[in-house]
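The figures that follow rest on heavy atoms only: side chains count, while hydrogens, waters and symmetry mates do not. Below, chain A is the first sequence line, B the second, and so on; all start at residue 1.
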Protein chains: 2
Amino acid sequence: MTEPSRRPGQPSPPPVRVRLVDVARETGLSKTTVSAALTGTGRLSEAVRERVRETARAMGYRPNATARQLRAGRARLIGYVVGEYAGEPWAFLESPYVARLTGATAATAIERGYAMVLLPAGSLQNEWVELPLDAVVVADPVADDRIVDDLLAAGIPVFSDRSVAGRPGAYWVDVDAEAALREILDHLAEQGAGRPALVAPVTDTRFNRDALAAYRAWCAERGLAERVVRAEGAGNGPVVRALEEMLTQGELPDALVLVAEASPPLVLEALRRHGLDVPGDLLLVCVSEDVTALHTSPAVTTLSLRPRAVAQAGVERMVAVLEQGMTEPAGTLVPTRLQVRASSLRPSVPPA
Amino acid sequence: MTEPSRRPGQPSPPPVRVRLVDVARETGLSKTTVSAALTGTGRLSEAVRERVRETARAMGYRPNATARQLRAGRARLIGYVVGEYAGEPWAFLESPYVARLTGATAATAIERGYAMVLLPAGSLQNEWVELPLDAVVVADPVADDRIVDDLLAAGIPVFSDRSVAGRPGAYWVDVDAEAALREILDHLAEQGAGRPALVAPVTDTRFNRDALAAYRAWCAERGLAERVVRAEGAGNGPVVRALEEMLTQGELPDALVLVAEASPPLVLEALRRHGLDVPGDLLLVCVSEDVTALHTSPAVTTLSLRPRAVAQAGVERMVAVLEQGMTEPAGTLVPTRLQVRASSLRPSVPPA
DNA sequence: CTGAAAGCGCTAACAG
DNA sequence: CTGTTAGCGCTTTCAG
């Protein structure tokens, strides 16, 4: 027992941390030299460097990350928050799109030397004021999201979607919803579907608003009647209910575009329950990142919102802003990708 | 232009941070008083306190989180890492179980005042040495996971599953896989299924090993032949392929237990493709957190591994260790929950 | 009731 | 080539 125990009552006194000064004392060198040896800076002989490294390792020295951050003036830490999700602050990972965006953001950030903390959806100040965040990614903000203003007011750069465009300190990456919907609808029309219906959730995200507007515009251009069903929120339950409602009342559409993220096999099953064959009676396109779409029969045509590409573009923008002070351009547009599969191909029309 | 601009070349010089000393100067008080006023400590008149708060707000003062952390000796930051996932360091959020565990861990941590950083699955030192982590949650470590040893060697407490039991500084929360499998198999037997088959992934997590062993023991006790199919990895593709393989060769089982997480509607569809009716020809139980199980017809019986309960127990243990130095008990067992639905009820046997 | 001063652990000027 | 010194921004004894 050579170490003084501070609090006799505590079951496990925290192991005495080895500090830089301890290594300095042990090697008979100064803090400076040890620091330089360990970080690879300065001009030291390789012999000294090696001896220091060896001693440090033997003593179990671990640099204190907080002290380094204070010195460096930044923590290389970013926040990640979803604007709003289904009224539940933590359910956002249940959406395959958001899960992928989250994972890809964390991945790209780590590659660039930044760690990412997960914040609750619809977060208020309380959760992030105590954190040394260099920047925050706000995924799918709702219109005029308060968190964006709060962050900007705190001097924290925000990376989000197009809805933050124009505010200083705010940068955006987005997908082109209008082009995406046109591509889907044109594809369906090409396959002979003249009365496509749209299933959209009531959530007020940028993509949903734009998608709905694009659908309406497309119908208007062709003098077609709109057919929109709203699912009461995100998740499979509401979407299936909305689907059933549509199928039991009124004229059947000849194609279905699901903008609301739902499980493709579940959608197929719901359609089958109503005696509908896909693609025989109804063509189907889902806006979804759900990989089960590949494994159903028929495989389901999906529109990918490219969460990985979005995340990469966003983090790269962030690094450029944080490290080179680049503020132009403020935004990037990422193209979506339509993966045409059997569910949206008229059986009589062979695939291109 | 009263503020001196440091680097004329930089497009946006970082806005001059307001520090504690600035507020002190402005109010004509000392740093001490301002600090006490703002943190609510010390014995100050309410008048002073209010005046300081007002000035601080007016000046846009935000305390520097890093400096506070350095002073406090801890960062209230924890790491979260999955032992290994499908060979892909970032795909883990695609598993509904892991996604829920991740979300619930972050949620409970935030409630307790800790922020959680996401680390890549199978992470090495490089990703976390620069972070001031007070503790790390290691979900589903593989056998003798190196990261656990590395963290413990660095003096960072680890919260994981039973496989870390016995190592000082390591704490665990786990579900009782054996009891879970017995409950499933007994339930199936009760419903008249005498030849249950098991579909398990090849991943070497604690739960999978234990589940497989429990299945074998259960079969052995009854003198039943085992029927195990291994899916080549996590994800829906491998599971569906494994299923098809099982269905095309040899005698059909009369019940199926999917320990490998797969989409319930997708599994149902695969079975239907082979002309099998659930539950008529085959009873089905999925170990899964996927909510689509509720919306299929028949609804699918699931065994929940209770990710929320596991996360809560783990984080509460962590807080107790970090803040009260409690080291006992080292582990907690959380019961699983079998949700019996139509897919595992013989049509002739009415539900209890 | 308030303020001066001492650090938390580290890195980077600047001397020697 | 190496060491002394001065902080990064904050909280907290401890005097006044």
Side-chain angles (χ1 to χ4, degrees), chain A residues 6 14-53 55-56 59-77 129-134 154-155, chain B residues 6 14-53 55-56 59-77 129-134 154-155:
Chain A
R6 288 153 205 276
V16 186
R17 288 279 293 187
V18 179
R19 294 153 308 165
L20 190 65
V21 64
D22 298 319
V23 179
R25 197 181 313 112
E26 184 72 18
T27 54
L29 298 167
S30 77
K31 289 194 323 178
T32 313
T33 310
V34 174
S35 173
L38 260 23
T39 57
T41 56
R43 301 162 306 275
L44 304 179
S45 73
E46 191 50 46
V48 173
R49 202 149 256 171
E50 188 47 50
R51 185 163 65 86
V52 172
R53 272 200 284 261
T55 317
M59 297 177 73
Y61 168 71
R62 329 240 63 208
N64 179 311
T66 303
R68 283 186 158 175
Q69 290 174 359
L70 182 60
R71 193 74 243 286
R74 61 183 176 163
R76 301 196 74 100
L77 196 64
V129 278
E130 307 268 339
L131 294 167
L133 301 177
D134 296 344
Chain B
R6 287 152 205 275
V16 185
R17 286 280 290 188
V18 180
R19 293 152 309 163
L20 190 65
V21 64
D22 298 320
V23 180
R25 198 182 312 112
E26 185 73 18
T27 54
L29 298 167
S30 76
K31 289 194 323 178
T32 313
T33 309
V34 174
S35 173
L38 259 24
T39 57
T41 56
R43 303 163 305 274
L44 302 179
S45 73
E46 191 48 47
V48 172
R49 203 149 257 170
E50 188 46 50
R51 186 163 65 87
V52 171
R53 272 199 284 262
T55 317
M59 298 177 72
Y61 170 70
R62 327 242 63 206
N64 179 313
T66 303
R68 283 188 158 174
Q69 290 174 359
L70 182 60
R71 192 73 244 287
R74 62 187 174 156
R76 300 196 75 98
L77 196 64
V129 280
E130 307 268 341
L131 294 168
L133 300 177
D134 296 345

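Side-chain contact between B:L29 and B:V48: present, with at least one pair of heavy atoms (C-beta onward) separated by less than 4.5 Å.
Listed nucleotides: D:dC10, D:dT2, C:dT2. Nearest to the side chain of B:A67: D:dC10.
Judged as a side-chain hydrogen bond (donor to acceptor under 3.5 Å, both in side chains), and not counting sequence neighbours, the contacts of A:R76 are A:E323. For A:E26, the salt bridge (charged side-chain N to carboxylate O under 4.0 Å, His left out) test picks out no residue, with sequence neighbours left out. Residues meeting the side-chain contact (heavy atoms from CB on, under 4.5 Å) test with B:A154, sequence neighbours left out: A:R62, B:W128, B:I156. Not counting sequence neighbours, the partners of B:P132 by the side-chain contact (heavy atoms from CB on, under 4.5 Å) test are A:A65, A:T66, A:Q69, B:Q69, B:A75, B:L77. Take A:R25 and apply the salt bridge (charged side-chain N to carboxylate O under 4.0 Å, His left out) test, not counting sequence neighbours, and it matches A:D22.
Distance CZ (B:R19) to C1' (D:dG7): 11 Å, rounded to an integer number of Å. Rounding to whole angstrom units, CZ of residue A:R25 and P of D:dT2 are separated by 20 Å. When rounded to the nearest whole Å, the span between CZ of B:R74 and C1' of C:dG9 equals 18 Å. Put simply, CD on A:Q69 is 13 Å from C1' on D:dG9, counting in whole angstrom units. Between the CD atom of A:E50 and the P atom of D:dC1 there is a distance of 17 Å, given to the nearest Å. Atoms CG (B:L131) and P (C:dC10) sit 16 Å apart, rounded to a whole Å.
Comparing the axis of the opening five pairs of the helix from C:dC1-D:dG16 to C:dG16-D:dC1 with that of the closing five pairs yields an angle of 50°, rounded to 10°.
How far CG of B:L44 is from CZ of B:R49: 4.5 Å, rounded to the nearest 0.5 Å. A distance of 9.5 Å separates CD in A:E50 from OG1 in A:T55, rounded to the nearest 0.5 Å.
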Side-chain donor-acceptor pairs of residues 32-42 of chain A under 3.5 Å, sequence neighbours excluded:
residue: A:T33; atom: OG1; partner: A:S30; partner atom: OG; Å: 3.2
residue: A:T39; atom: OG1; partner: A:S35; partner atom: O; Å: 2.9
residue: A:T39; atom: OG1; partner: A:T41; partner atom: OG1; Å: 3.0

Per-nucleotide protein contact string for nucleotides 11-16 of chain D (B base, S sugar-phosphate only, - none; heavy atom under 4.0 Å):
BBB---
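Across the interface with DNA chain C, nearest-nucleotide mapping of B:L70 and B:L29 shows B:L29 to be the residue nearer the 5′ end.
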